[in-house]
Amino acid sequence: MSNRSAVFGGAGFIGTNLVYQLIEDGQQVFNFDNLSGLGNLLNIAELMQQSRHSFARCDISNPEEIRQALLMAAADTIYFCITPKNPEEESSLENFRTFFETVKEWRNGMADTKLHKIVVVVSEHYKLLGTYGKMYAGLLKLLDGYASDGLPISSLLVPPAFGPFQQPDSPISMIIYRAIEGETIPVVNPEEKVSDLVYVKDVVDAIVLVSCNFN
């Protein structure tokens, strides 16, 4: 496993849990989030005094901020855990393209770069929800393209998860709260595509396992 990791989207739900796990594993973690979407600074408040944790704002639509983050981290592993707030917007995919294009240019221009792993966490919501289908297909095509260009990308499709640091107003959180209170839980149409809920720690373990077995 690497010694220096950069987590983009590290103040969000899965990203926060990943950051905690990497630090527990002895990693030096550089955490980047623009805090304008699903990221919450309160999630990582306990980490701000940790010597193995550094946080900085970074917007993946801004190439200069991305380059500064890459220089700051000098990481050999990047974890990309950003889920767009509005996946139906075309700008969301364009922001992803900006990020990976900037990483490719930066890596090609740095003869001594140690970056050799990029793990992209892809939410299964893209695949399950018809309205996000275009976004899902576009993202996979984008990742395949950059992998063909030489970027060391490995993507992991993760199912809907629950656990610590989840937004309290998310649908999954609301269902759990209702179950705890003994209230009626709505049942989906059996013809709709659904996926089992997975505890976020299991998702994080899978992400770390992918990075450890990266070819």
Side-chain angles (χ1 to χ4, degrees), residues 1-35 39 43-44 47-83 95-123 139-140 142-158 165 200-215:
M1 183 182 288
S2 65
N3 293 317
R4 295 169 69 91
S5 298
V7 181
F8 288 84
F13 172 40
I14 291 177
T16 296
N17 282 278
L18 176 60
V19 167
Y20 272 88
Q21 184 62 57
L22 293 174
I23 292 175
E24 184 178 322
D25 291 341
Q27 296 290 298
Q28 186 71 40
V29 180
F30 296 84
N31 188 352
F32 303 103
D33 201 299
N34 69 358
L35 301 177
N43 288 348
I44 56 174
L47 297 176
M48 289 308 190
Q49 303 304 317
Q50 284 262 10
S51 60
R52 292 199 302 273
H53 176 264
S54 300
F55 174 79
R57 288 176 181 259
C58 178
D59 192 323
I60 64 167
S61 67
N62 188 319
E64 183 56 33
E65 289 188 13
I66 298 168
R67 284 190 285 268
Q68 290 298 321
L70 295 171
L71 286 169
M72 172 185 172
D76 55 359
T77 301
I78 287 176
Y79 297 92
F80 188 86
C81 302
I82 296 177
T83 300
N95 289 342
F96 286 0
R97 182 177 290 106
T98 297
F99 177 81
F100 292 110
E101 186 66 26
T102 304
V103 172
K104 184 184 78 170
E105 293 175 356
W106 176 83
R107 185 171 183 264
N108 291 342
M110 298 288 288
D112 59 344
T113 179
K114 297 179 180 179
L115 176 62
H116 62 273
K117 290 185 278 188
I118 304 174
V119 180
V120 182
V121 179
V122 182
S123 172
L139 178 57
L140 293 187
L142 182 72
L143 296 178
D144 287 344
Y146 282 112
S148 298
D149 286 343
L151 270 188
I153 291 177
S154 182
S155 59
L156 178 65
L157 183 65
V158 300
F165 307 112
V200 69
K201 176 64 166 58
D202 295 327
V203 171
V204 167
D205 287 346
I207 296 170
V208 173
L209 185 61
V210 166
S211 68
C212 289
N213 291 279
F214 203 105
N215 294 322

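Checked against side-chain contact (heavy atoms from CB on, under 4.5 Å), E64 has the following partners two or more places apart in sequence or in another chain: N62, R67, Q68. Partners of A11 according to the side-chain contact (heavy atoms from CB on, under 4.5 Å) rule, which considers only residues two or more places apart in sequence or in another chain, are D33, L35, I44.
Taking the six-membered ring for Trp and the full ring otherwise, the centers of F13 and F165 sit at least 6.0 Å from each other.
At least one donor-acceptor pair closer than 3.5 Å links the side chain of R107 to the backbone N or O of L115. A donor-acceptor pair under 3.5 Å links the side-chain atoms of H116 to the main chain of K114, judged by distance alone. Checked by atom type and distance alone, the side chain of N31 pairs as donor or acceptor with a backbone atom of G10 at under 3.5 Å. Although no hydrogens or angles enter the test, the distance criterion places a donor-acceptor pair under 3.5 Å between the side chain of S211 and the main chain of V208.
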inquiry  = Assess the residue pair W106 and I66 against the criterion (side-chain contact (heavy atoms from CB on, under 4.5 Å)); give the C-alpha distance rounded to whole Å, side-chain angles, the decisive distance to 0.1 Å, and a yes or no.
reply    = CA-CA 9 Å; W106 176 83; I66 298 168; over 6 Å; no
query = Given the rule in the side-chain contact (heavy atoms from CB on, under 4.5 Å) test, do V158 and I14 qualify, once you have shown the distances and angles that lead to the verdict?
reply = CA-CA 10 Å; V158 300; I14 291 177; 4.1 Å; yes
inquiry  = Let's go through R57 and F32 carefully: what are the C-alpha distance in whole Å and the side-chain angles of both, what is the deciding distance for side-chain contact (heavy atoms from CB on, under 4.5 Å) to 0.1 Å, and is it a yes or a no?
reply    = CA-CA 5 Å; R57 288 176 181 259; F32 303 103; over 6 Å; no
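Under the 30°/60° scheme for interplanar angles, the aromatic rings of F80 and F96 are found to stand perpendicular.
To the nearest 0.5 angstrom, Q28 atom CD is 11.5 Å from L22 atom CG. Between atom CG of residue L70 and atom CD of residue E65 there is a gap of 12.0 Å, rounded to the nearest 0.5 Å. Atom CD of Q27 sits about 9.5 Å away from atom CG of L18, to the nearest 0.5 Å.
Residues Q21 and D25 have side chains that bring a donor and an acceptor to within less than 3.5 angstrom of each other. Using a 3.5 Å distance cut-off with no hydrogens or angles, the side chains of S5 and Y79 do not pair a donor with an acceptor.
Put simply, the side chain of T77 does not reach to within 4.5 Å of the side chain of I118, judged on heavy atoms. In this structure the side chain of V122 reaches within 4.5 angstrom of the side chain of L139, judged on heavy atoms.
Counting only residues at least two apart or in different chains, side-chain hydrogen bond (donor to acceptor under 3.5 Å, both in side chains) contacts with residues 142-157 comprise E101-Y146.
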